Amino acid sequence: MTLRRLATLTVLALTACGGGAPADKPAEGGGEPAKSAKKTRGTLVAATQSDIGYLGSVVYEAAADSQILTNLSFPIVDPDFDCSLKKAPGLAKSWEWSEDGKVLKMELRDDIKWADGKPVTVEDISFTYDLIADPNVASPRRPYIEYMVEGKRPLVVDSTHIEWHFTRAYDRDTQVAHTGLTLMPKHIFGDADRKTLRGHPRINEPLSYGPFKLANRKPNESFVLEPNEHFSGPEHWQPNLNRVIFRVIPEYSTRLIELESGKIDFMESILVEDADRLRETHKDINLVRRGWRSNDYVAWNLENELFKSKKVRKALALSIDIDKIIGKVLTSKTGESYARRSVGTITPALCGVHNNDLQPLPHNTERAKKLFAEAGWTDSDGDGILDKGGKKFSFTLTTNTGNKRRANSAVLIQAQLKAVGVEVNIEQTESNSFFENLRKRDYEAALSGWAAGLFVDPSGIWGCDKPDKKNEFNFTGYCNAKVDELIDKGLNTPNPKDAAPIWKDMQEQIYDDQPYLFLWWMDEIVAIHNRFDNTHIDMLSRLNRLHEWEVAPDKVKYKR
């Protein structure tokens, strides 16, 4: 599962002919650059809502960080997606499972190098997973090793062969995903204090072993990717672009102005009403629909007394007319909807696994008021706000700055809950702080979202905390023994067809508990200038296979 995150930003001026580009960061001392016959040209200028959070695979929390890491690395297994994950060789040349499905054997390439010239080795893989296992690191990826045998995650056979040993056989897409993290270089982080790994000076100066490198960064302003001249991977992975400049621009309206003025080429999460207008006024901008990868929800902090009652959570859900909000914020002027109601965190794109039979709760204020009353919440003093034992039903709904869709949705939710006697105060928090507060469960209610995992492993979001392990992404503190049993059973069922009914039962149980106000899945709209060819904006990433993006010679805008 991958966490979605976007956040704050400031504007970096960029002028044609390279006058406003950030200065280059010196390359790592990696010896002779890798030989490549490919000529690069063109610059992509992308707006990002937030600055980098953590560029370390074992500690990153934001989907935006994951997108950057992906382009700084060469994957162990190269993924694609069509109803389920598809797999092609990467660092792993080949792989096979044991007959019982408990051992995954891999043969690795021996020619991939870090940007400083040192080889990527099996020791780097072992080291990365050792970091995940260390409770001092508090890695949100710890669920990945839940079913790996200690000391064999992986077992190093020799310099090009490893084996992943599992305590049980489970879905093979999930097994491969669990073994495919971006690597941490042992020679850089081997002596690091693991308790303070997030504060390590190199955590946001990652050493590339992929097609791009992080060439320059101005905190809260910009960061730049350039071709990694020391990349030793396949020729077709060599980038076509000279540079990718990410400008940190927190406010949606500012990003949109920069897109329309031609100062940026790429913008995520275009609002539907703006997409309608851009189609008419900016024929040079392509608008791409990603598919059902992103969702929005309201998380109820179950450690807060207000939200401990299931009746209360159901009453809140019944009070919100989600279809009406979709009609206002996610439907075009032609009536075309870019959203569908959500009933869980398993994306509808995972064919056969998503519970299509599970019907969302309807909007029903009378039933909501009845449930509130059954839970002891009535308006005893006639001031229009429900109360119980002298306490008002009032809470703060927090969301991240710079996300206009969520800001608009929060106002609509506030109004609809006011109609049933619930007082909502809205607060917007800088994005990195917002997501840190979610992880710490330091909030009352939060309007947020996920970039859904494309393999099934709900343990990180919905699994109970354990004495030695807090699930960092279980923001609500949800715990249901039956759900834990279903997760365990599902992950212990190797055949996806056999596991599907288990996952559907799990979705039904969680939806019945309503730890979230499940809102919608979005068919996100991404804008890209039409001078760029061979772009891959899809379920895997908004910047998938960035090394393949290119600009024709006669369309180059920024010379270098």
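All figures in this text were calculated on a predicted structure; none of them were measured in a lab. Just so it is clear, the values below take in all heavy atoms, side chains as well, and ignore hydrogens, waters and symmetry mates. The first residue in the sequence is number 1, and the count goes up from there.
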When Asp130 is tested against each of Lys152, Lys186, Arg194 for salt bridge (Lys or Arg N to Asp or Glu O under 4.0 Å), which residue passes?
Arg194
Return the minimal non-hydrogen interatomic distance between Pro140 and Glu472, and the atom names on each side.
CB-CB, 3.9 Å
For Asn471, what residues pass the side chain to side chain contact (heavy atoms under 4.5 Å, CB included) criterion, not counting sequence neighbours?
Pro143, Asp465, Lys469, Asn474
Under-4.0 Å salt bridge between Glu146 and Lys466
yes
Can we say Arg545 and Asp78 salt-bridge, meaning some charged N sits less than 4.0 Å from an Asp/Glu carboxylate O?
yes
Is the count of non-hydrogen atoms from other residues, nucleotides or ligands lying under 6.0 Å from Lys87 atom NZ greater than 12?
yes
Closest approach of Ser159 to Val122 (non-hydrogen atoms, all atoms of both residues):
O-CG1, 3.5 Å
Would you say Phe266 and Phe532 make side-chain contact, with heavy atoms under 4.5 Å?
no
Does any part of the side chain of Phe127, heavy atoms only, come nearer than 4.5 Å to the side chain of Leu183, both counted from C-beta?
no
Could you tell me which residues satisfy salt bridge (charged side-chain N to carboxylate O under 4.0 Å, His left out) with Asp498, sequence neighbours excluded, listed by chain and number?
none
Is it the case that atom NZ in Lys470 sees more than 12 heavy atoms from other parts of the structure closer than 6.0 Å?
yes
Validation row: Arg290, Arg542 side chains within 4.5 angstrom (heavy atoms)
yes
Any pair with a residue in residues 67-118 that passes disulfide bond (SG atoms under 2.5 Å apart), sequence neighbours left out, goes on the list, sorted by first then second residue, please.
Cys83-Cys351
Answer whether the closest heavy-atom distance between the side chains of Asp116 and His187 falls below 4.5 Å.
yes
Looking at Ala169 and Asp100, what are the two nearest heavy atoms and their distance?
CB-O, 3.3 Å
Does any part of the side chain of Thr179, heavy atoms only, come nearer than 4.5 Å to the side chain of Val77, both counted from C-beta?
no
Is any side-chain N of the basic residue among Arg168 and Asp488 closer than 4.0 Å to the acidic one's carboxylate O?
yes
Test item: Leu131 and Ser139 side chains (from C-beta on) under 4.5 Å apart, heavy atoms
no
Regarding Arg141 and the six-membered ring of Tyr60, is the cationic atom NZ or CZ under 6.0 Å from the ring centre and inside 45° of its axis?
yes
Quick one: which of Tyr147, Trp164, Phe166, Phe455 gives a ring pair (Phe, Tyr, Trp, His ring centres under 6.0 Å) with His178?
Phe455
Mind checking what makes side chain to side chain contact (heavy atoms under 4.5 Å, CB included) contact with Pro211, not counting sequence neighbours?
Phe231, Trp237, Pro239, His547
Hits for side chain to side chain contact (heavy atoms under 4.5 Å, CB included) against Asp538, two or more places apart or cross-chain, chain-then-number order -> His536, Leu540, Asn544
Please examine the side chains of Thr48 and Phe223, heavy atoms only from C-beta on, and report whether any two atoms are closer than 4.5 Å.
yes
Does a side-chain N-to-carboxylate-O contact under 4.0 Å join Asp111 and Arg109?
yes
Could you verify whether a donor N or O on one side chain and an acceptor N or O on the other, from Glu430 and Thr401, lie under 3.5 Å apart?
no
Check whether any side-chain N or O of Asn534 sits under 3.5 Å from a backbone N or O of Trp549 as a donor-acceptor pair, and report yes or no.
no
Identify the two heavy atoms, one from Lys113 and one from Gly117, that lie closest to each other, and give their separation to 0.1 Å.
CD-O, 3.7 Å
Looking at Val551, is its backbone amide N or carbonyl O close enough to the side chain of Arg531 to form a donor-acceptor pair, meaning the two atoms are under 3.5 Å apart?
no
Note, Pro206 side chain near Leu214 side chain (heavy atom, < 4.5 Å)
yes
What residues, two or more places apart in sequence or in another chain, satisfy side chain to side chain contact (heavy atoms under 4.5 Å, CB included) together with Ser73?
Thr182, Tyr209
